Every structure is written in C-alpha cells, then in structure tokens.
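Here the structure comes first, spelled out in structure tokens, and everything after it is commentary.
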Amino acid sequence: MSDDEPKPGSAEDQGPVTITPELADRLAEKREELFEEFEIRDEFPSEVLREAEARTEGVYEEIEAEIDDREDLRDLTTWTTDPVDAQDFDDAISIEREEDAYRLWVHIADVTHYVTPDTAMWEEAVERANTVYLPDYTIHMLPPVLAETVCSLVPNEDRLAHTVEMEIDDETLSFEDIDIYKSVINSDERLTYSECENRLDDPSLPLGAENELAFELADRMHEQRKADGSLVLNPRRDRAHTIIEESMLKANKAVTHTLMWDRGVEAMYRVHPQPTPDQWNEALKEIQELDGVSIPGDAWGDDPRKAVNAALEESPERQLNKIQRAVLKVMPRAKYMNDPFGGHHALNFDIYGHFTSPIRRLSDTINHWIVHENDVPETLLELCDRASDKQKDGETAERLYKQFLQEQGLDPYAVNNRGVEVVEDPEEAKHTA
C-alpha cells in the first residue's frame, strides 16, 4: 500500500452498491417524480450545451492572452483537496508563514470569465440556481463539459482563478490585509481527503509541511470560532475537512466584509435568523433528556450555541444525530438577501456570504461578478429569492430521495460514497427490493 492509498475500511476502498435492473428502474422513476414536483431540470438545453462546448476551445491560448492582465501565481505552491469522487475542483489553497502572520490564498475557479450575463449559460444557471446532489446522482447548475474542464482547477495545468489573498494576524487571527484579484494558477496536486490525512501524518511527503501549516491555522480558527459562539454541529470532522472548511469560511468572510465595509454595495449575503428563546429552550431540553448526554454546567450561559457545542463534544457517538436534529428542528432557514442585516446566527458572523463555490451555487457566481465588475444586477432581490427557494427545493428533494432509498433497503450514505452498479443476475445483487 502506498502512502496515499486509502486506509482499509474507508469509503474509497469499497466497491459499488449492487442492485437489480428492476430496483434501478424504480430509483429512476422516483427521481423523475421528484424532478417534476420541484421543477428541477435534469437536461440542459442544446443552446446551453453548444455554448459551453465552444468555451472549451482554444483554452491554452486564451489563458496565455489573459496572463498580462492577472496576477501570475503559477509558481506558488497550490493544491486542491476534495472527496475521492469529486468531478470538478473549484477551490485550491496556498499558505505561507510570515513573521507575525499567516498568508493564506484561496483560489476559486473563475467561472464568470466564461459564464457572463449575456450568455445562455448564465440564464440557465439562474433557472437552476444551484447544483442538486442526490445519492449517486447529480443535477448540475453548470454544464459538466465546462465545469469539469476549463473551470476545474486540475493539477499541472494553467487555470484562470479568482484569488482571495489574506494576511491573518498571528495572535488575533483577524485580517491584517485582504486582496481579491483575478489570477492564473497551476495546481501542484489534487488530494483526496484520505491523501491529505496521510500527508499530515508524514510531513516529509510532498505537500506534507504545507498541509501541516494549513491545519495549524485552520485548527486555531476553528477553536476561535467555537469560543466566539459559532455553532459547530459536526465537532468530529477530520483534519482534512477542517482545513478546507475553515479556509473557505475565512475567504467568504473576507469577500463579504470587503463588499459591505469597503465598497458598501448590495450583494448576495447569507442571512441566518436566530431561533426564539423558547425555541432554544425546547431544543436544549430535548438534548438534555437524551440518554448519556448532559450539558456541562459551565456551558449553561447566555449563549445556547456554546451549550450545544459542549453537548456535542461530550456525547456518545450514537447521540450525535439526535442532538443535531433537535437543533435543526428549531433553527430557521438561512436565506440570501441583498444586505447582510441580521448576520449569520449559526456561524455568529455579523456579515457573511458565499464566494467559494461558483460552479454549484448561483449566489457565488453573482458575487464573483459583483466583486470583479462592481456591477450589481438590477434583479438582485429576485435572484436572492430564487436562490433561496431553489436551495430549499433541492434539499427537500434530496431528503425525500434518501427516504425512498431507505424504504428500498438501501443505505443512502453507502450509495452516495460508493455509487451503484446494476447487475443482471439477482444472485450478484446485494439489494433486490
């Protein structure tokens, strides 16, 4: 086994879930039923596909022509970290240690270089508003022919990016400086989460020291968020996920603070209202009554988010989902709004918005356009409402499809992580319901 091969027992080294053709047909029928109910478009119009394919031609010549007008970061050590089955890589990071600061670069695929408001692809992205992820089935916001090629930060190839460069104070972890600009990058390597963990275990491996530094910063930012009252519903994430999650949160925060405080412009901000005191009391009471779970006395303060964090960290593994459900049951839905008033309650950020996933979220694509062009769409309020509504539809469709899988005797987590293989012989199928 090489250093970067997945560890035995991980989702990466297991084969696909095997099912009969009859079960495969029922799954397809259920998907079609959900697509019709929630008006989710599975197929792309031919005009959109033609436009996307045309933008994949002459890629290298186009990038070369762009270099003089962008920051050339191709010599900067850069890498992506994604799930093993990821089809596109829309974010990469770089990091360096300075005397009294960390310098963190978050590079995001420059989608709006290819998808602009005068294109059919833009209109289709508005129609879809986000990518919908069902177990082993994805309905993309952007045509894969574009998203998985020129917009994907694949290793050892020049790519156009939108970079958020942050100087982060060593002591306070606050922003000393933020610079957002168009760039050209060349990723050194594409890591899976398991590979990232292996590099962290052995910093002498390529990118080992860089990931070690990235985790040092990410872990500190994570602990600071918790101390500040940020709700952390998944407290036992591995180091690789922590690096990516905290880096993206920091970049999103940097961008939306720049838009609001430095420019004072409307954008697609992410606003998350807080539950009422009675709702929080209801959730905490439900958590406290769970077997083997208690909220430490010093966590019973004036911030229920810290109480939940404490309960999650000290609870048995079997109770994690029940604690999460108790909180989510009383938590209002986050919405996209054209101003950040109210902030993001769960994260405990006064201003927040999305920037780091323009391949799969309309909000990020719109914010990329606003950042670079300084041009706020006239229909911004309608775009906010549409993105909020379609996100809700997609999440509901996902929940109902997972429920259907369970009714058919399938584990949605296994299907999502290992995929599905249809076998003709029922003897070879583990699932025949």
Side-chain angles (χ1 to χ4, degrees), residues 71 90-95 98 100-108 110-112 161-183 214 217-218 220-232 243-274 305 334-358 361-377 380-381 383-384 387-388:
E71 291 288 326
D90 60 358
D91 59 81
I93 65 171
S94 308
I95 190 167
E98 299 181 350
D100 297 312
Y102 299 89
R103 188 166 295 276
L104 175 66
W105 292 262
V106 173
H107 316 281
I108 308 300
D110 190 1
V111 168
T112 54
H162 215 149
T163 292
V164 184
E165 181 179 346
M166 297 160 278
E167 183 183 351
I168 300 170
D169 182 82
D170 184 31
E171 186 176 342
T172 64
L173 301 182
S174 57
F175 297 118
E176 286 292 310
D177 188 47
I178 298 169
D179 198 6
I180 309 167
Y181 51 81
K182 295 291 188 88
S183 63
L217 173 60
R220 290 185 62 195
M221 292 193 297
H222 180 76
E223 292 304 316
Q224 184 187 68
R225 276 204 305 117
K226 282 198 301 183
D228 288 344
S230 185
L231 187 62
V232 181
I243 290 172
I244 299 306
E245 180 177 49
E246 296 300 331
S247 296
M248 298 308 126
L249 284 172
K250 200 72 169 177
N252 284 333
K253 192 174 181 181
V255 169
T256 44
H257 269 251
T258 298
L259 286 171
M260 187 62 202
W261 294 128
D262 295 349
R263 300 195 193 179
V265 299
E266 290 184 304
M268 288 187 74
Y269 297 101
R270 189 72 168 160
V271 176
H272 185 233
Q274 60 182 313
R305 293 167 296 194
K335 297 179 180 179
Y336 291 108
M337 300 185 70
N338 63 334
D339 70 61
F341 179 73
H344 196 293
H345 176 69
L347 290 172
N348 196 28
F349 290 168
D350 57 344
I351 296 172
Y352 188 65
H354 288 150
F355 188 80
T356 55
S357 295
R361 286 190 304 231
L362 178 65
S363 62
D364 306 51
T365 308
I366 299 292
N367 283 339
H368 273 242
W369 183 258
I370 293 172
V371 166
H372 184 64
E373 300 293 330
N374 214 29
D375 175 26
V376 178
L380 183 62
L381 194 55
L383 291 170
C384 288
S388 298

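Bear in mind that the values here come from a model prediction, so they are computed numbers and not experimental data.
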Can you list the steps and then say if Ile95 with Leu217 is a side-chain contact (heavy atoms from CB on, under 4.5 Å)? CA-CA 10 Å; Ile95 190 167; Leu217 173 60; 3.9 Å; yes
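- Note on Arg220 versus Glu223: no salt bridge recorded, every NZ/NE/NH1/NH2 to OD/OE distance being 4.0 Å or above.
- The distance from the CG atom of Asp90 to the CE atom of Met248 is 8.5 Å, given to the nearest 0.5 Å.
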Before giving the answer on side-chain contact (heavy atoms from CB on, under 4.5 Å), spell out for Glu266 and Leu259 the whole-Å C-alpha distance, their side-chain angles and the decisive distance to 0.1 Å. CA-CA 8 Å; Glu266 290 184 304; Leu259 286 171; over 6 Å; no
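- Taken to the nearest 0.5 Å, the OH atom of Tyr269 stands 8.0 Å off from the CG atom of Asp339.
- Ile366 approaches Pro377 most closely through the heavy-atom pair CG2-CG, 4.3 Å.
- Counting only distance, with no hydrogens or angles, the side chain of Asp169 and the backbone of Glu171 share a donor-acceptor pair below 3.5 Å.
- Under a cutoff of 6.0 Å and an axis angle of 45°, Lys253 and Phe349 form a cation-pi pair.
- Two residues are said to be in side-chain contact when any heavy atoms from C-beta on lie closer than 4.5 Å; His372 and Thr112 fail this criterion.
- For the pair Arg361 (side chain) and Thr356 (backbone), a donor-acceptor distance under 3.5 Å is absent.
- In this structure, the side chain of Ser94 does not engage the main chain of Trp105 through any donor-acceptor pair within 3.5 Å.
- In this structure, the side chains of Asp350 and His257 come closer than 4.5 Å at one or more pairs of heavy atoms.
- At a threshold of 4.5 Å between non-hydrogen side-chain atoms, the residues Thr256 and Pro340 do not count as touching.
- No side-chain heavy atom of Trp369 sits under 4.5 Å from any side-chain heavy atom of Val376.
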Apply side-chain contact (heavy atoms from CB on, under 4.5 Å) to the pair Asn348 and Arg305, showing each step before the final yes or no. CA-CA 9 Å; Asn348 196 28; Arg305 293 167 296 194; 3.4 Å; yes
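- Under the 3.5 Å distance criterion, with hydrogens and angles disregarded, a donor-acceptor pair is assigned to the side chains of Asn252 and Tyr352.
- Note that the CE atom of Met337 and the CG atom of Leu381 stand 8.0 Å from one another [nearest 0.5 Å].
- Distance CD1/Ile168 to CG/Asp100: 14.0 Å, rounded to 0.5 Å.
- Ring pair His272/His345 is tilted by interplanar angle, where 30° to 60° counts as tilted.
- Taking CG of Asn367 as the start and CD1 of Ile108 as the end, the distance is 12.0 Å to the nearest 0.5 Å.
- Minimum heavy-atom separation, Ile178 to Ile180: CG2-CG1, 4.0 Å.
- To the nearest 0.5 Å, atoms CZ (Arg263) and CD1 (Ile370) are separated by 9.5 Å.
- Thr163 places no side-chain N or O within 3.5 Å of a backbone atom of His107 that could act as its donor or acceptor partner.
- In this structure, Met221 and Ser247 approach most closely via the heavy-atom pair CE-N, 4.4 Å.
- Using a 4.5 Å cut-off on side-chain heavy atoms (C-beta onward), Leu231 and Leu347 make no contact.
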Would Asp110 and Lys182 satisfy side-chain contact (heavy atoms from CB on, under 4.5 Å), going step by step from the backbone distance to the final call? CA-CA 8 Å; Asp110 190 1; Lys182 295 291 188 88; 3.1 Å; yes
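- Contact of the Asp170 side chain with the Glu98 side chain is not registered, since no non-hydrogen atoms from C-beta on lie closer than 4.5 Å.
- Residue Lys335 places its NZ atom among 12 or fewer non-hydrogen atoms of other residues, nucleotides or ligands, all under 6.0 Å distant.
- Ion pairing of Arg103 with Glu165 is present here, as a side-chain N (NZ or NE/NH1/NH2) and a carboxylate O approach within less than 4.0 Å.
- At a threshold of 4.5 Å between non-hydrogen side-chain atoms, the residues Phe355 and His162 count as touching.
- Minimum heavy-atom separation, His354 to Asp364: CB-OD1, 3.2 Å.
- Here the shortest heavy-atom pairing between Met268 and Ala387 reads CE-CB, 3.7 Å.
- The minimum heavy-atom distance between Arg225 and Ser230, with the atom names listed, is NH1-OG, 2.6 Å.
- Considering only heavy atoms from C-beta on, Val106 stays 4.5 Å or farther from Lys250 through its side chain.
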